[in-house]
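Lettering of chains follows the sequences in order, A, B, ..., and the numbering in each one begins at 1.
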Amino acid sequence: MARAGKTTKRRYWLFKSEPDVYGIDRFVAEGRTFWDGIRNYQARNLLRDDVQVGDGVLFYHSNAKPLAVVGVAKVVRAGYPDHTAWESDSKYHDPKSDPDDPTWFMVDIECVERFERPVTREELMGESDLSEMMLLQRGSRLSIQPVTAKEWRRVLKLGGSSASW
DNA sequence: GCCAACGTTGGC
DNA sequence: GCCAACGTTGGC
C-alpha cells in the first residue's frame with residue numbers, strides 16, 4: 001500500500017542489563033520501563049537514530065549467573081532525551097549534557113514475555129547458526145546491539161517463545 | 001578476582 | 001592530533 005512517509009521495517013535488538021541493577025523479574029512486574037543510563041556513544045546513536053516503535057528486544061542478563069537471554073520486549077517509545085543526565089542525585093548524572101542539545105537518549109520498552117526457560121550464553125555459543133551474533137564476538141561490549149531477523153527467530157525458538165511477531 | 005578489550009581524558 | 005594513563009565492561 002502506498003502511503004506518505006517512510007515505512008520502516010521492524011528491527012531487532014538485544015539490550016543488556018545486570019540483574020542486580022534491573023532484572024527480568026522487575027521488568028515483568030512493572031510491565032514497562034524507560035531504558036535509561038546508556039552512556040556510550042555507539043549505543044546512544046542506536047537509541048537516538050535507529051530503535052523504533054514496534055521493534056523487538058531481547059532482554060539479556062549480563063554479569064549474572066547464568067548469563068542468558070531471559071525474555072522479550074517491544075519498543076513502545078522511540079529515542080528521547082535521557083532526563084537522568086540532569087538529575088544530580090542520579091548515578092547517571094551528566095551535567096555536560098545540554099538540555100537544548102541532549103547528549104544521551106533513551107527509549108521505552110514494554111514486556112512481552114519472560115522465556116519459559118532462559119536461553120543461556122553457553123547454549124547460544126553451541127548454535128552454529130548464531131556464531132556471527134554480536135553478543136558472542138570476542139570483546140563485544142556494546143549494551144545495545146542489533147540482532148538479525150534470523151538470530152531473533154532462533155533465540156525465540158530456543159526460549160520456547162509464544163510471542164507472535 | 002583477573003584481565004582483555006575498549007572508550008575516554010588530558011597533557012603535550 | 002597523538003598517545004599514555006586511566007576507567008569501565010563484562011566474560012571467565
Side-chain angles (χ1 to χ4, degrees), chain A residues 11-30 33-51 55-73 75 79-109 111-148 150-161:
Chain A
R11 298 193 209 183
Y12 304 101
W13 309 97
L14 179 144
F15 287 12
K16 290 183 191 172
S17 190
E18 301 190 21
D20 291 348
V21 177
Y22 192 93
I24 188 72
D25 290 344
R26 190 166 155 204
F27 187 40
V28 168
E30 294 181 354
T33 191
F34 49 87
W35 207 258
D36 61 334
I38 299 298
R39 297 291 179 269
N40 165 281
Y41 286 101
Q42 216 179 329
R44 184 282 308 270
N45 291 346
L46 294 175
L47 290 180
R48 186 189 59 191
D49 305 332
D50 297 323
V51 178
D55 286 358
V57 175
L58 298 175
F59 195 107
Y60 178 78
H61 278 173
S62 63
N63 264 328
K65 272 187 180 176
L67 295 166
V69 178
V70 290
V72 170
V75 178
Y80 63 104
D82 182 343
H83 54 75
T84 64
W86 303 305
E87 293 167 4
S88 56
D89 58 344
S90 170
K91 65 175 171 174
Y92 303 125
H93 185 221
D94 180 8
K96 294 197 298 297
S97 180
D98 177 355
D100 293 327
D101 183 16
T103 309
W104 307 115
F105 285 73
M106 58 187 183
V107 300
D108 291 357
I109 61 173
C111 187
V112 173
E113 64 174 342
R114 181 212 308 259
F115 283 158
E116 287 290 310
R117 198 175 50 83
V119 181
T120 64
R121 181 181 185 86
E122 196 176 11
E123 192 176 355
L124 293 173
M125 288 191 295
E127 294 287 323
S128 55
D129 287 354
L130 298 177
S131 60
E132 308 276 299
M133 203 173 172
M134 185 182 284
L135 179 73
L136 305 178
Q137 305 311 305
R138 183 178 162 82
S140 169
R141 295 193 310 174
L142 202 57
S143 57
I144 304 288
Q145 307 184 346
V147 170
T148 68
K150 188 177 140 196
E151 291 161 353
W152 172 264
R153 286 191 299 268
R154 192 88 190 97
V155 174
L156 262 61
K157 192 175 178 187
L158 290 169
S161 173

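- Distance CE (A/M133) to C1' (C/dG11): 15 Å, rounded to an integer number of Å.
- Closest contact between the side chain of A/L67 and the listed nucleotides C/dG11, C/dC12, C/dG7 involves C/dG11.
- The 12-atom threshold is not exceeded at CD of A/E132, counting heavy atoms of other residues, nucleotides or ligands nearer than 6.0 Å.
- Side-chain nitrogen and oxygen atoms of A/K16 include at least one within less than 4.0 Å of the OP1 or OP2 phosphate oxygen of C/dG10.
- One atom, CG of A/L14, and another, P of C/dG10, lie 11 Å apart when rounded to the nearest Å.
- Atom CG in A/L158 sits 13.0 Å away from atom CZ in A/R153 (nearest 0.5 Å).
- Between the CG atom of A/L142 and the P atom of B/dT8 there is a distance of 11 Å, rounded to whole Å.
- The nearest whole Å value for the distance from the CG atom in A/N63 to the C1' atom in B/dC2 is 13 Å.
- Between A/K65 atom NZ and C/dG10 atom C1' there is a gap of 14 Å when expressed in whole angstrom units.
- In this structure, A/R141 atom CZ and B/dC3 atom P are separated by 17 Å, rounded to whole Å.
- Of the candidates B/dT8, B/dG7, C/dG10, B/dG7 carries the atom nearest the A/Q42 side chain, counting heavy atoms from C-beta on.
- You'll find that the side chain of A/R121 is closest to C/dC12, out of B/dT9, B/dA5, C/dC12.
- Between A/W35 and A/F59, the angle of the ring planes goes over 60°, which puts this pair in the perpendicular group of the 30/60° scheme.
- Here the side chain of A/M125 is nearest to one of B/dA4, C/dC12, C/dG10, namely C/dC12.
- With salt bridges taken as basic N to acidic carboxylate O contacts below 4.0 Å, one links A/R117 and A/E123.
- OP1 or OP2 of B/dC6 has not a single side-chain nitrogen or oxygen of A/Y41 nearer than 4.0 Å.
- When rounded to the nearest whole Å, the span between CZ of A/R138 and C1' of B/dA4 equals 7 Å.
- Between A/W104 atom CH2 and B/dG7 atom C1' there is a gap of 10 Å when expressed in whole angstrom units.
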Show the numbers, then the answer: is there a side chain to side chain donor-acceptor pair (under 3.5 Å) between A/Y22 and A/E30? CA-CA 11 Å; A/Y22 192 93; A/E30 294 181 354; 2.9 Å; yes
